Colleague: 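Starting off with a structure, shown below.
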Amino acid sequence: MPVSMHMPVLCGVMPICAAYADQVEVEYCDGNTHHLGLMTIVRGEQASNKSVVKNAIDIWKRQFDEEDALARKCEEEWKERKKGRKANEKAPEDPHVLIRVVPVTVSCSTLLKRRGVGYPSKDKRRGQLEFEI
């Protein structure tokens, strides 16, 4: 990796580090406490080695991708059970899955359901990441 890319790679993986740091809370200058959340935008001209940052991000988020694949499978199985049930059967309970890496095109209802809106605020879930690469 070129020395000139050390800082962009560090900045690129910091949001993932923050997502791995579940249960970490920060207190802002106004006194409000929030979970750690970071965002990085890596911008550069064409052929300026931005792919080095993407490669580092892919390595760091590998665990998230594996866990998300299991959660998506669970969610798909739940949808099939719900769709295949008889009219008089009770609907299966929501799977309450956590999917952290979401596309920017995800529907609001799906995102809110996955983020646990309406669930207890003391839920110690890791942060969600959005990637558009």
Side-chain angles (χ1 to χ4, degrees):
M1 169 185 342
V3 174
S4 63
M5 294 305 292
H6 287 184
M7 188 54 74
V9 167
L10 177 64
C11 292
V13 298
M14 288 307 291
I16 298 173
C17 295
Y20 277 118
D22 58 350
Q23 301 183 21
V24 173
E25 294 181 344
V26 294
E27 185 176 324
Y28 285 96
C29 58
D30 62 0
N32 290 327
T33 303
H34 300 275
H35 289 279
L36 187 60
L38 303 172
M39 179 176 72
T40 299
I41 299 171
V42 178
R43 217 179 130 229
E45 295 180 17
Q46 187 173 357
S48 62
N49 283 333
K50 294 183 302 291
S51 62
V52 173
V53 177
K54 183 188 180 312
N55 294 340
I57 288 172
D58 289 343
I59 291 168
W60 275 77
K61 73 180 185 85
R62 189 176 301 145
Q63 180 182 344
F64 284 161
D65 291 338
E66 292 168 1
E67 292 172 359
D68 285 357
L70 291 174
R72 282 190 173 92
K73 182 180 176 190
C74 179
E75 189 176 57
E76 287 301 317
E77 290 170 354
W78 170 78
K79 285 179 184 176
E80 287 300 317
R81 283 194 317 267
K82 187 175 176 182
K83 186 171 65 173
R85 70 184 169 94
K86 296 178 182 168
N88 59 350
E89 288 182 10
K90 185 179 175 184
E93 193 173 315
D94 287 350
H96 303 295
V97 295
L98 175 61
I99 298 176
R100 291 184 215 93
V101 181
V102 295
V104 254
T105 57
V106 70
S107 72
C108 290
S109 64
T110 301
L111 184 61
L112 290 173
K113 189 182 298 181
R114 286 181 181 163
R115 295 226 27 174
V117 171
Y119 299 117
S121 61
K122 294 193 186 261
D123 191 6
K124 298 297 183 186
R125 297 179 180 203
R126 292 180 178 174
Q128 280 193 326
L129 304 171
E130 293 182 12
F131 288 99
E132 183 177 0
I133 298 176

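Since we're looking at a predicted model, the values are computed, not measured. Start at 1 with the first residue, then count along the sequence.
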Colleague: Do you reckon Ile57 sits in the same ILVMFWY cluster as Met7, going by side-chain contacts under 4.5 Å, direct or chained?
Modeller: no
Colleague: Can you name the side-chain contact (heavy atoms from CB on, under 4.5 Å) partners of Asn49, sequence neighbours left out?
Modeller: Pro2, Met5, Val52
Colleague: Grouping I, L, V, M, F, W and Y whenever their side-chain heavy atoms are under 4.5 Å apart, do Tyr28 and Val24 come out in a common cluster?
Modeller: yes
Colleague: Hey, is Arg72 close enough to Glu75 for a salt bridge, meaning N to O under 4.0 Å?
Modeller: no
Colleague: For His35 and Glu25, which heavy atoms make the closest approach, and how far apart are they?
Modeller: CE1-OE2, 3.7 Å
Colleague: Between Lys73 and Glu76, is there a side-chain N and carboxylate O pair less than 4.0 Å apart?
Modeller: no
Colleague: Distance from Lys50 atom NZ to Asn55 atom CG, nearest 0.5 Å?
Modeller: 12.5 Å
Colleague: Please find the pair of heavy atoms, one from Pro8 and one from Val42, that lie closest to each other, and give the distance.
Modeller: O-CG2, 4.4 Å
Colleague: What are the two closest non-hydrogen atoms of Pro15 and Cys11, and how far apart are they?
Modeller: CD-O, 3.4 Å
Colleague: Do you know which two heavy atoms are closest between Tyr20 and Lys61, and how far apart they sit?
Modeller: OH-CA, 4.3 Å
Colleague: Taking only residues two or more places apart in sequence or in another chain, which ones pass salt bridge (Lys or Arg N to Asp or Glu O under 4.0 Å) with Glu77?
Modeller: none
Colleague: Would you name the heavy atoms of Ile16 and Trp60 that are closest together and state the gap between them?
Modeller: CG2-O, 3.8 Å
